[in-house]
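Comments concern the structure below.
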Protein chains: 2
Amino acid sequence: MPLSLDTLPGLVLFSCVVRHGSLTGAAQELGLNRSSVSKQLARFEAQLGAKLLQRTTRKLALTELGERVWQEAQTIAAALENVDAITEDYRQNVRGRLKVSCSSSLARVHLVPLLPIFNQRYPEVDLLLQLEDRFVDLTTEQVDIAIRVGHLPDSSLVARKLGELQWQLVASPGYLAKHGAPQTPADLAGHACLFYQNGLRVMNLWTFTGPKGEEQVRVKGALAMNDACALVDAAINGLGILLIDRALLSLPLASGQLLSLLPDYQLAAGLPVYAVYPAREWLPAKAAAFVEFILQEFAPRLATPRL
Amino acid sequence: MPLSLDTLPGLVLFSCVVRHGSLTGAAQELGLNRSSVSKQLARFEAQLGAKLLQRTTRKLALTELGERVWQEAQTIAAALENVDAITEDYRQNVRGRLKVSCSSSLARVHLVPLLPIFNQRYPEVDLLLQLEDRFVDLTTEQVDIAIRVGHLPDSSLVARKLGELQWQLVASPGYLAKHGAPQTPADLAGHACLFYQNGLRVMNLWTFTGPKGEEQVRVKGALAMNDACALVDAAINGLGILLIDRALLSLPLASGQLLSLLPDYQLAAGLPVYAVYPAREWLPAKAAAFVEFILQEFAPRLATPRL
DNA sequence: TACATTGTTGCCAAAATAGCAACAATTGTT
DNA sequence: AACAATTGTTGCTATTTTGGCAACAATGTA
């Protein structure tokens, strides 16, 4: 027999009456009429089947039982104040554990560099970065915010677009020396191509916009992985032609380990990046702060990646 | 900001939902419809301004705040179970402190001799006998039961008549030798009379029923006190003629210290003795047991005092 | 893919509640 | 000592709240 729904409001009212020492005072604090207080107190006693207060028009006296119940009410009052305090803290203060889910490569390049700033701004937030290139169920795994790449399936989740990934087509000098450099998208069909793949999405249909308009190529995969950084390594090692987020390529391109291909063509539409969270209503302050933060900091980095 | 009336039922419901892990289960336990549970839970979250449970049609997951609130709810649940247990104990078990108010002389003669029996029958009751010959306010002084002599003023109290005190008129042989023995009630007017008096009642109007019918005498007081035993001592010492409870006179009469007067007259109406307690409704078990006890044991002693 | 279960929402009836007014009881004051 | 003022209680009515039914949406399973 756990918390009983019926007796609880009565207990609250009883507590208030005892604190004031009069029904009238309690009624004033509760914004009620005296009659209501009287009735509810009487009903509470009826529910318990015992008198709690001996009442006269002038004085109230606690019964022996009333004293015991009053003590318990004190305990409950303390717990309730805790609830209030905790909730208030949770709503107003940016504090607590914040679980963020993100694909590992995206995090390494775009997100992790920002975290020191976030941590400095909100030092009381304990970030728990969950890097995994798989589908995560936000509700089940208690993830506060997920950063997801690609168009989203219909869902009850709220998604805010952070920007679009800028793609680039690259290969290593060694690979190009051996197999030649493609001049048009159609040429790619004959090459070994590297692309990202996780359980959800297989990116083997590449779309270009060039002099002849839009062209699509379904490429053969020499290697498909769910780790973008490993893909870059693979490309550097000459395993094939890679289509990947431009931000990952700044160092290999600068050092000449990788070369840019098809400069006259642009990748049609970069995949959108979203910040996703379970519900818009009553978003905890820490989550709201994080979303605001990445909207300001993350999005510009996507738009103008430093090469 | 103490216990809040509004948030408490929601907290109970939330606790129930968490315990079951589903709204449907909670609804079944509470005997409610699913919709009601859903609505109330939503309202509770709205009141707090924060989400407590991430809900899917299949799974429920506690928010970080939800976990904290759930912990507090556990505390409250424990306190509430205490309230239930205490109340049950209080109602059903004859146990605890029982404060009884009684005039000292009445207690010494009639009540105290019974207490060992009561104590043996209800060993878990701690009797607190408050002996005082003055008016006591039951509600203010947290007296459970009072035993009062004489007709009661109108009151919200419940009174159960235990019987009537049997009066007797006595004096010491020494006093009678000096002042002579009264032959009729009217003779008493010339004597020094001893009678009981407390703040409430002055018993100086004595009523007799004799051969000539009812006779009343307003006596002069040689000594009036609020201690019946002391009055007996005074009478033994020859201070005057005493009208007092017959039960107090068994030893002095047997030993000849006091002599009975006006044997042809009877005291019209003995003063009634009442057991008085604040309210009939929800009388605690201990008080009910005591009242029953003195009704069975006390009343016969009044009716047939042992001389 | 079809089905079953679960949470949510709109609507309406039912129940609980608050407020008003009158009453009873008690205390302090004139 | 009587009056006035305050307090707790009760009956009645209007308002608010709540509960249940039905339909819907979403999700996991056979």
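Throughout, a chain's letter reflects where its sequence line sits, starting with A, and its residues are numbered from 1. All values reported here derive from a predicted model rather than from experimental measurement.
- Counting to the nearest Å, the P atom of D/dG11 and the CG atom of A/Asn33 are 16 Å from each other.
- Side-chain N/O atoms of B/Thr57 include none lying less than 4.0 angstrom from OP1 or OP2 on D/dT27.
- Rounded to whole Å, the distance from CD on B/Glu45 to C1' on C/dT9 is 16 Å.
- B/Lys59 NZ: 12 or fewer foreign heavy atoms inside a 6.0 Å radius.
- Ranked by how close their nearest DNA chain C nucleotide is to the 5' end, B/Ala42 and A/Lys59 are led by B/Ala42.
- For the pair A/Arg55 CZ and D/dT7 P, the computed distance is 16 Å after rounding to whole Å.
- Atom CG in B/Leu13 sits roughly 12 Å away from atom P in C/dG7 (whole-Å rounding).
- A search for ring pair (Phe, Tyr, Trp, His ring centres under 6.0 Å) contacts involving B/Tyr90 returns nothing, not counting sequence neighbours.
- Nucleotide D/dT9 holds its C1' atom 15 Å from the CD atom of A/Gln54, rounded to whole Å.
- An OP1 or OP2 oxygen of C/dG7 is reached within less than 4.0 angstrom by a side-chain nitrogen or oxygen of B/Thr24.
- The interatomic distance linking A/Leu41 (CG) with D/dT7 (P) rounds to 16 Å, in whole Å.
- Counting non-hydrogen atoms under 4.0 angstrom, A/Ser35 reaches a base of the nucleic acid.
- Note on B/Gly31: only backbone sugar-phosphate atoms sit closer than 4.0 angstrom, heavy atoms only; bases stay farther off.
- One finds no side-chain N or O of A/Gln40 lying less than 4.0 angstrom from the OP1 or OP2 phosphate oxygen of C/dA16.
- Of the N and O atoms on the side chains of B/Gln216 and B/Thr207, at least one donor lies less than 3.5 Å from an acceptor on the other residue.
- Residue-level contact check: A/Ser36 touches the bases, meaning some heavy atom is under 4.0 Å from a base atom.
- Relative ring orientation between A/Phe14 and A/Phe44 is described as tilted, the plane-to-plane angle lying within the 30° to 60° band.
- Candidate nucleotides C/dT26, C/dA18, D/dT9 were compared by shortest atom distance to the side chain of A/Leu32, and C/dA18 ranks first.
- Contact annotation for B/Lys39: base contact, defined as any heavy-atom pair under 4.0 Å involving a base atom.
- Taking the side chain as every heavy atom from C-beta outward, A/Leu52 and A/Leu62 never approach each other to under 4.5 Å.
- Distance CD (A/Gln47) to C1' (C/dA16): 12 Å, rounded to an integer number of Å.
- The distance from atom CG of B/Leu60 to atom P of D/dA26 is 17 Å, rounded to the nearest whole Å.
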